[in-house]
S.K.: 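Questions regarding the structure given below will be posed in turn.
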Amino acid sequence: MKKILVTGATGQLGAELVPFLRARYGRARVVAVGHSRPAAPELLDAGPFAVADVRDGAALARLVREHGVDTVYHLAGILSAKGEANPQLAWEVNMGGLYQVLEVARVQGCSLFFPSSIAAFGPGSPLDDTPQVTIQRPQTIYGIAKVSGELLCDYYHHRFGVDTRGLRFPGLISYVAPPGGGTTDYAVEIFSAAVAGQTFVCPLAAGTSLDMMYMPDALRAAVELMEADPARLRHRNAYNVTAMSFTPEELAAAIRVYRPDFTMRHEIDPVRQAIADSWPNRMDDCVARRDWGWRPAYDLATMTDEMLARVGSRVPATTAAS
Ligand code: VAH
């Protein structure tokens with residue numbers, strides 16, 4: 001029976017992956033690990049929780065051993081824009097933490113999920129229909145850590161037989177836990193402004209197209225990859241997966257279908273704009289669709305409809321097991 005440990009459990013993805021996994025495998029079978037105690041009491045009350053710094057390999061090894069963990073979803077990390085403010089720390093946490101987790105997985109025989117990102121691409125990568133295998137020379141510390149992480153996870157698979165698997169996530173859109181310091185955060189923050197009837201101040205320029213995915217699809221993609229027959233996986237780290245790609249004005253138009261009075265203006269954040277300009281406009285995820293049957297369930301219209309309803313009523317996520 002699976003016993004799972006999730007690092008970064010209080011972050012945007014972790015805060016929803018933990019309840020999703022607990023609904024699927026059982027509350028006691030999912031250990032949530034955060035770098036600090038969560039504000040949300042439900043994360044503490046709903047199953048095992050521990051505080052640990054992912055750079056502390058001994059602490060991680062102890063948690064894995066004590067709980068009999070066989071699968072790690074390693075989500076802890078510093079996102080793209082925040083990483084540019086402190087690249088040394090971002091490298092220490094994102095790469096140092098991944099190395100510690102890989103060593104624990106190697107020694108204790110765990111499978112490992114690694115969340116890569118569209119950030120693993122950069123100038124020189126084809127930005128339209130970005131293929132599974134292409135040039136990857138990102139210019140952010142976050143992206144450099146992602147592409148290095150992909151290579152290190154593949155190394156641990158081929159050299160030591162560790163069952164490492166990863167996804168190149170697009171921007172994730174959710175309403176449970178706020179994103180922190182990403183370039184795609186605007187696509188989350190816009191909904192709070194729309195619901196509050198405020199003009200949204202968009203940090204990215206009109207015409208900036210980015211891949212995006214609604215959180216329920218991201219949760220399902222991670223679990224479906226980890227449950228896939230390994231014989232079908234012609235790639236390990238990491239698969240392109242996407243659901244939609246849009247510009248800020250396309251997202252604003254989708255919101256106006258439900259909120260006709262919604263208004264937006266632009267105040268460009270040069271750091272986020274430079275990062276966004278280096279990322280794909282739209283990834284090609286046909287290899288994930290072919291190898292393990294990836295299919296998104298949400299598009300721009302259905303995501304917008306649900307986000308406005310949820311942000312409007314701030315109901316807890318009902319991310320029941322699929
Ligand atoms: C970021 N939300 O903006 C993250 C993600 C693809 C974007 O990696 O940094």
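When a ligand or atom number is given, it counts from 1 through the structure's own listing order.
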S.K.: Passes side chain to side chain contact (heavy atoms under 4.5 Å, CB included), S80 versus W279? Steps please.
M.R.: CA-CA 11 Å; S80 58; W279 288 357; 3.6 Å; yes
S.K.: Taking the six-membered ring of F114 as reference, does the cationic atom of K146 (NZ for Lys, CZ for Arg) lie under 6.0 Å from its centre and within 45° of its axis?
M.R.: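 Yes; both conditions hold, so K146 lies above the ring face of F114.
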S.K.: Ion pair present between E150 and R168, side-chain N to carboxylate O less than 4.0 angstrom?
M.R.: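 Salt bridge between E150 and R168, a charged N being under 4.0 Å from a carboxylate O: yes.
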S.K.: Is it possible for you to check whether R106 lies under 6.0 Å from the centre of the six-membered ring of F160, through NZ or CZ, and within 45° of that ring's axis?
M.R.: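 Yes, R106 lies over the aromatic ring of F160.
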S.K.: Is there a path of hydrophobic side-chain contacts, each under 4.5 Å between heavy atoms, that joins L251 and I173?
M.R.: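 Yes, it is one cluster - the side chains of L251 and I173 are joined through contacts under 4.5 Å.
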S.K.: Can you tell whether the side chains of R265 and E267 come within less than 4.0 Å, N to carboxylate O?
M.R.: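 So R265 pairs with E267 through a salt bridge.
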S.K.: For ligand 1, would you mind listing the residues that have at least one heavy atom less than 4.0 Å away, ordered by chain and number?
M.R.: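 The 4.0 Å shell around ligand 1 contains L79, S80, S117, I118, Y142, F169, P170, G171, G182, T183, T184, W279.
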